[in-house]
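Naming convention: chains lettered A, B, ... in sequence-line order (proteins, then strands); numbering from 1 in each chain.
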Amino acid sequence: MTDAISTEPQAPRYDFRTQEPLWQKAWNEHACFTVEDVPTDGRPKYYVLEMFPYPSGKIHMGHVRNYTLGDVVARYRRARGFNVLHPMGWDAFGLPAENAARERKSHPATWTWDNIRNMRGELQRMGLSIDWSREFATCQPEYYGKQQELFLRFFETGLVERKESWVNWDPVDGTVLANEQVIDGRGWRSGALIEKKKLSQWFFAITKFAPELLAALDNLDRWPERVRLMQANWIGRSEGARVRFPLTAPKGDIADVEVYTTRPDTLFGMSFLALAPEHPLALAIGAQNAEADAFIAECRRLGTTAAAIETTEKRGFATGLTVRHPFIEGAEIPVWIANFVLMDYGTGAIFGCPAHDQRDWDFATLYGLPIRPVVKPAQGELPEGEAYTGPGTLMNSGFLDGLGVDESKSAAIARLKKMGWGEGETNWRLRDWGVSRQRYWGCPIPVIHCDNCGTVPVPVDQLPVVLPEDVTFDRPGNPLDHHPTWKHVNCPQCNGAAVRETDTFDTFVDSSWYFARFCSPQNASPVSREATDYWMPVDQYIGGIEHAILHLLYARFFTRAMQASGQIGVDEPFAGLFTQGMVTHESYRGADGRWLYPTEVERLADGRSVVTGTDEQVTVGRIEAMSKSKRNTIDPGAIIERYGADTARWFILSDNPPERDMEWTESGVAGAYRFTQRLFRLAESIASLGQVETPAESSPAARKLRRATHRTIAAVTEALESFSFNVAVARLYELAAAMTEAEKDATAAADDKALSAARIEALEMLTRITAPMMPHLAESMNDLLHAGSGLVANDAWPDFDDSLTAAETVTIAVQVMGKLRGTVEFPPGSPAEAVIAAAEAEPNVARLLEGKRIVKKVHVPDRIVNFVIAG
RNA sequence: GCGAGAGUGGCGGAACGGUAGACGCAGUCGACUCAAAAUCGACCGACGAAAGUCAUGGGGGUUCGAAUCCCCCCUCUCGCACCA
């Protein structure tokens, strides 16, 4: 590794080790970043929020990038005269704390709070402009108690339901697993075979908002297009029909089967009806037929994991039952149970039209069912060996013959409706949000189960339902469930013996409203109407793309639910969303293939890489996302310790556009560090000029520098507005270069007062426009120039002087037939005739034009002249 | 399979349809130094002695002029995926 600092003999000019803590203390003492819940100063508001961290132990580079981006926005907006809310907290509930408690034989709270303490210190060393007075952790009763109150409000509003649902049950851990925690049909921790089990669970009725959650995406114009698209796909609206097929012979009390389809136009091509293995009719059949039962059991065992579904072949079981067809008199269609039909989409049953659905085609081919085409493609023939799903004209379809696909959809629906066999229906992929988790380290669901009264919500005045502290993790299952006393209570209604709900909330609930709580973290009710009316929505939310669907959708739902239950006046939480890329690094492996940390690797002068201090050859691997398993992680704490927070921030901002993955390189950080020193040297040199009166007469050198300064202000402002931080950095490098140039000019003309004044102005401006990115260095430079003048953090963003940004001359490109052949210099705004005449006279151009007829002369003022010639 | 995004020097990347490669990193040469580091200066797409030619994944098109707009293709990344 190149080592910029340890090879430096003397202490650096700018000592971030003393300066950074100094300014952090000053900001803190002046409460620079503290805002009121409901400011009344009339300034516009701006709410900047980065996704709050899970307190895993240490911050990682992803956090550093996330919080640096947010901090630049926050500091910039503050300088622009906004009241800026920029809070921080902790997403503190979750399974890792329980696992750690199990391993260490301690308590989840201990581990969590240790981590919070450590990570808070690391974040504070980054010099973030955060209002720390608003900090909270979701594991505090002061927070989760309010969450319980919200749950009760939603309950009253009809947005909470208790219903049975199929879950992945781990019989060893005694808990429900999410789909992604089931690997090859086994629990990811216990390795036990997962069962599908029906369990009573709490649900938030997110589907009630499905239409508006989808429609409102159109208005989120400051969200990335792809996130809106992912959400739209997830919500998954589809239009079709519900069709009831009467069984030719009823099965017990089941007389018909309901099917959902988006292709009612292809009903004449139907050759089978298929049920999901969990469908009530399938279960009824299974109860009487051992073969059917065995098939159902096998389907269930294969589980619902994405991997299982992908690799599983289509299989079915012919039940022997038949249904009647709505349009074909006397037809009897066989009923199958099929493993590819999903119980939780539509009605759990489909009608199969093999000619026009690939899945049905596969299934029909396997079992020798008829394939009857009913749609004739508009062009060409029906494909061989696969289903045709495109547009066309109906055939073999009775009253639909000759109609197009769309027309016949409505015609079929109209007919079904008239017959009483079905109706048009809009369907949604989005499911209600199951929030029950059989865990200890989460927010208790504030409900009591009473044998007499049923499910009774805990009265608001008895909140919070606090987690008991005396729990152990020495046996599987939920500690709340086998706690000796905690769950036994008296029913709030009848005062009889009752038990608490021992499930806790999905931790996504905790992060679904924290942004609203930040507006008034001490408020008696969950959210303050006044504070959220002022601050909400979040103007700029920043985080990783991995939360594109679930977290953001849940937060959007919660905001609507809070609105519906009368607590908040907005319906969308995040007006602007920015999704940052990952931080990546080269990976290294030793001679034996083991992964090596970057700190263990040394690059030799000959380009080879070896294990530091040895001769062992190192293989430099791919650049990939930092991960513990690949050991290609860089510890932000070590970077800040060695280079300072400003250097880390600057490098992160400078490397590339923030939405892309960035590569962390040692040489890049070292370069950023050199720049901090260079800026400080410039500041020292300019500060040594002392007080300078601006003379009446300017000088060419002064004008040149002032032009660079004011152009930089304009360019950096524009870059920050558009999240082009890497461009802002480039413009600041250029200003620094211009200032170095001016220093040389000044050496040549020591008595140029105008230049001295311009240099001072350049430094003042540079300081202020660098401050959002390198806040500590900006304060130190400002202190050199104007000691005791106050903090840059409180300074206003500078305006640029338009009259100074114009160049004295512009270089106009001269083209012949669109190819650059020369340039001419002119004052901006020079008349076309003069410019064209000069362009024609330019020797190289004149040579090319000689003897040619000029057909056209294109002139774009101050930019280009192009001669089109003939022959 | 469907959807989205991206392909520009050795690398990260700039570029309202108007001088492609700003700025940084790496590199080369020089100054300073006994020497090194740091710093400062110059150079730094390819071919060519030069004039110039070729260059923004490939091929077409629009235009006086295309990295940028349109069509076709290729590659990569990400997301979704038996959703009826």
Side-chain angles (χ1 to χ4, degrees), chain A residues 2-10 12-13 224-230 232-234 236-238 240 259-263 266 274 276 306 309-310 312-314 338-342 344-353 356-360 362-363 427-431 545-546 548-549 581 623 650-651 654-657 659-663 665-672 674-675 677-678 681 715 724 726-734 736-737 740 744 811-823 844 847 855-860 862-869:
Chain A
T2 47
D3 196 335
I5 292 179
S6 57
T7 45
E8 214 170 315
Q10 304 119 8
R13 309 294 289 267
E225 183 56 33
R226 63 174 179 146
V227 174
R228 292 193 285 172
L229 216 102
M230 283 159 78
N233 289 340
W234 187 262
R237 182 179 196 274
S238 78
V259 150
Y260 175 75
T261 178
T262 54
R263 295 296 302 272
T266 63
I309 287 167
E310 236 172 287
T312 307
E313 269 186 281
K314 287 189 180 49
N339 65 346
F340 68 94
V341 181
L342 305 174
D344 32 313
Y345 187 77
T347 61
I350 61 157
F351 86 78
C353 176
H356 303 292
D357 183 291
Q358 192 56 45
R359 294 155 301 179
D360 298 347
D362 295 344
F363 191 75
N427 211 336
W428 303 85
R429 204 190 85 109
L430 184 67
R431 305 264 68 89
I545 186 74
E546 66 274 18
I549 299 176
I623 293 160
W650 185 254
F651 173 54
S654 69
D655 188 62
N656 68 349
E659 68 274 13
R660 297 198 204 164
D661 289 353
M662 74 163 285
E663 189 195 348
T665 61
E666 276 59 24
S667 55
V669 200
R674 283 198 298 272
F675 188 62
Q677 296 298 327
R678 184 173 160 207
R681 282 195 308 273
S724 307
N726 57 325
V727 178
V729 165
R731 296 291 95 87
L732 286 164
Y733 273 113
E734 284 169 344
T740 305
K744 274 179 260 163
T811 307
I812 296 169
V814 185
Q815 300 179 338
V816 178
M817 295 299 278
K819 282 191 194 299
L820 180 72
R821 298 300 174 178
T823 59
N844 194 36
R847 185 175 60 81
V855 179
K856 193 173 176 185
K857 300 171 181 177
V858 181
H859 174 245
V860 181
D862 296 346
R863 304 222 64 140
I864 210 158
V865 176
N866 187 14
F867 296 105
V868 185
I869 55 178

Nearest-nucleotide pick for V727(A), side chain only, options being rG52(B), rA15(B), rC16(B)
rA15(B)
Could you work out the separation of rA22(B) and rG9(B) based on their C1' atoms and round it to a whole Å?
14 Å
Examine rA81(B): is either OP1 or OP2 under 4.0 Å from a nitrogen or oxygen in the side chain of R429(A)? Give yes or no.
yes
5' precedence on RNA chain B between E225(A) and G668(A) (nearest-nucleotide basis):
E225(A)
For the pair made of CD1 in I549(A) and C1' in rG3(B), what is the distance, rounded to whole Å?
12 Å
The salt bridge (Lys or Arg N to Asp or Glu O under 4.0 Å) partners of R821(A) (sequence neighbours excluded) come to none
What distance, rounded to whole Å, do you find between the two P atoms, one in rA50(B) and one in rG5(B)?
44 Å
Tell me which nucleotide among rA26(B), rA14(B), rA84(B) gets nearest to the side chain of S667(A).
rA26(B)
Taken in chain and number order and not counting sequence neighbours, the residues that satisfy side-chain hydrogen bond (donor to acceptor under 3.5 Å, both in side chains) with D862(A) are none
Separation between the C1' atoms of rC70(B) and rG1(B), rounded to whole Å
27 Å
Report which part of the nucleic acid N844(A) touches: base, sugar-phosphate, or nothing (heavy-atom distance under 4.0 Å, all strands).
sugar-phosphate
Any side-chain N or O of R847(A) below 4.0 angstrom from OP1/OP2 of rG52(B)?
yes
Rounded distance in Å - CH2 (W650(A)) to P (rC25(B)):
12 Å
Any chance CZ of R237(A) has more than 12 other-residue heavy atoms, nucleotides or ligands included, within less than 6.0 Å?
yes
K856(A) side chain near rC64(B) phosphate (N/O to OP1/OP2, under 4.0 Å):
yes
Using the side-chain hydrogen bond (donor to acceptor under 3.5 Å, both in side chains) criterion, which residues pair with R681(A)? Sequence neighbours excluded.
none
Interatomic distance at P, rG7(B) relative to rG12(B), whole Å
11 Å
Working note: V868(A) + M817(A), criterion side chain to side chain contact (heavy atoms under 4.5 Å, CB included); need CA distance, chi angles, decisive distance, verdict.
CA-CA 5 Å; V868(A) 185; M817(A) 295 299 278; 3.9 Å; yes
Contacts of E225(A) that satisfy salt bridge (Lys or Arg N to Asp or Glu O under 4.0 Å) - sequence neighbours left out:
R228(A)
Between rG45(B) and rC64(B), how far is it from one C1' atom to the other, in whole Å?
27 Å
For the atom pair CZ (F867(A)) and CD (Q815(A)), what is the distance rounded to the nearest 0.5 Å?
10.5 Å
Excluding sequence neighbours, so at least two apart, what forms salt bridge (Lys or Arg N to Asp or Glu O under 4.0 Å) with E734(A)?
R731(A)
Rounded to the nearest angstrom, tell me the gap between atom CE in M817(A) and atom P in rU19(B).
18 Å
Report the nucleotide, chosen from rG13(B), rC82(B), rC64(B), that has the shortest atom-to-atom distance to any side-chain atom of K314(A).
rC82(B)
Partner residues of Y345(A) under the ring pair (Phe, Tyr, Trp, His ring centres under 6.0 Å) criterion, sequence neighbours left out
none
For W234(A) and rG79(B), give me the distance from atom CH2 to atom C1', rounded to whole Å.
11 Å
L229(A) side chain, from C-beta outward: closest of rG3(B), rG52(B), rA84(B)
rG3(B)
Of the options rC23(B), rG12(B), rC78(B), whose atoms approach the side-chain atoms of R226(A) most closely?
rC78(B)
Below 3.5 Å between N/O atoms, which protein atoms pair up with nucleotides 53-57 of chain B? Just atom names and distances, please.
| unit_1 | atom_1 | unit_2 | atom_2 | d |
| --- | --- | --- | --- | --- |
| rU53(B) | OP1 | R821(A) | NH1 | 3.3 |
| rU53(B) | OP1 | R821(A) | NH2 | 3.0 |
| rU53(B) | OP2 | R821(A) | NH1 | 3.1 |

Closest to the side chain of V868(A), out of rG13(B), rA51(B), rC64(B), is rC64(B)
Separation of rA14(B) atom C1' from E734(A) atom CD, nearest Å, is 10 Å
So, D360(A) side chain and C353(A) main chain: donor-acceptor pair closer than 3.5 Å or not?
yes
All N/O pairs under 3.5 Å across the protein-nucleotides 66-68 of chain B interface:
none

Rounded to whole angstroms, how far apart are CG on D862(A) and P on rU19(B)?
13 Å
Does N726(A) make a side-chain N or O approach to OP1 or OP2 of rG12(B) shorter than 4.0 Å?
no
If I pick the P atom on rG61(B) and the same atom on rA55(B), what distance separates them, to the nearest angstrom?
14 Å
Determine: side-chain N/O of R660(A) to OP1/OP2 of rA6(B), distance under 4.0 Å, yes or no.
no
If you draw the axis of the six-membered ring of F363(A), does the NZ or CZ of K314(A) fall within 45° of it and under 6.0 Å from the ring centre?
no
Gap separating the OG1 atom of T262(A) from the CG atom of N427(A), nearest 0.5 angstrom:
9.5 Å
According to a strict under-4.0 Å criterion, is N866(A) in side-chain N/O contact with OP1 or OP2 of rU63(B)?
no
Measuring only the C1' atom in each nucleotide, how far is rG48(B) from rG58(B)? A whole number of Å is fine.
26 Å
Mind calculating the distance between CG (D655(A)) and C1' (rA22(B)) to the nearest angstrom?
16 Å
Looking at Y345(A), I'd like to know whether one of its side-chain N or O atoms comes within less than 4.0 Å of OP1 or OP2 on rA84(B).
yes
Between rG17(B) and rG27(B), how far apart are the two P atoms, rounded to whole Å?
37 Å
Look for any protein N or O under 3.5 Å of an N or O in nucleotides 39-47 of chain B and output each such pair with its distance, or none.
| unit_1 | atom_1 | unit_2 | atom_2 | d |
| --- | --- | --- | --- | --- |
| rU39(B) | O3' | R681(A) | NH2 | 3.4 |
| rG41(B) | OP1 | K744(A) | NZ | 3.1 |

The correct list of stems in which RNA chain B takes part (3 or more consecutive Watson-Crick or G-U pairs, distances under 3.5 Å) is B:1-7 with B:74-80, B:10-12 with B:23-25, B:27-31 with B:39-43, B:45-47 with B:52-54, B:57-61 with B:69-73
Earlier contact from the 5' end, RNA chain B, for T665(A) and I545(A):
T665(A)
Sequence neighbours excluded, the answer for ring pair (Phe, Tyr, Trp, His ring centres under 6.0 Å) partners of Y733(A) is W650(A), F675(A)
Which nucleotide in the set rU19(B), rC82(B), rA84(B) lies at the smallest distance from any side-chain heavy atom of A813(A)?
rU19(B)
Rounded interatomic separation in angstrom, taking CD from E546(A) and P from rC78(B)
14 Å
Name the closest nucleotide to the T262(A) side chain, picking from rA51(B), rA84(B), rA14(B).
rA84(B)
Got a sec, which residues hit salt bridge (Lys or Arg N to Asp or Glu O under 4.0 Å) with D357(A), two or more places apart in sequence or on another chain?
R359(A)
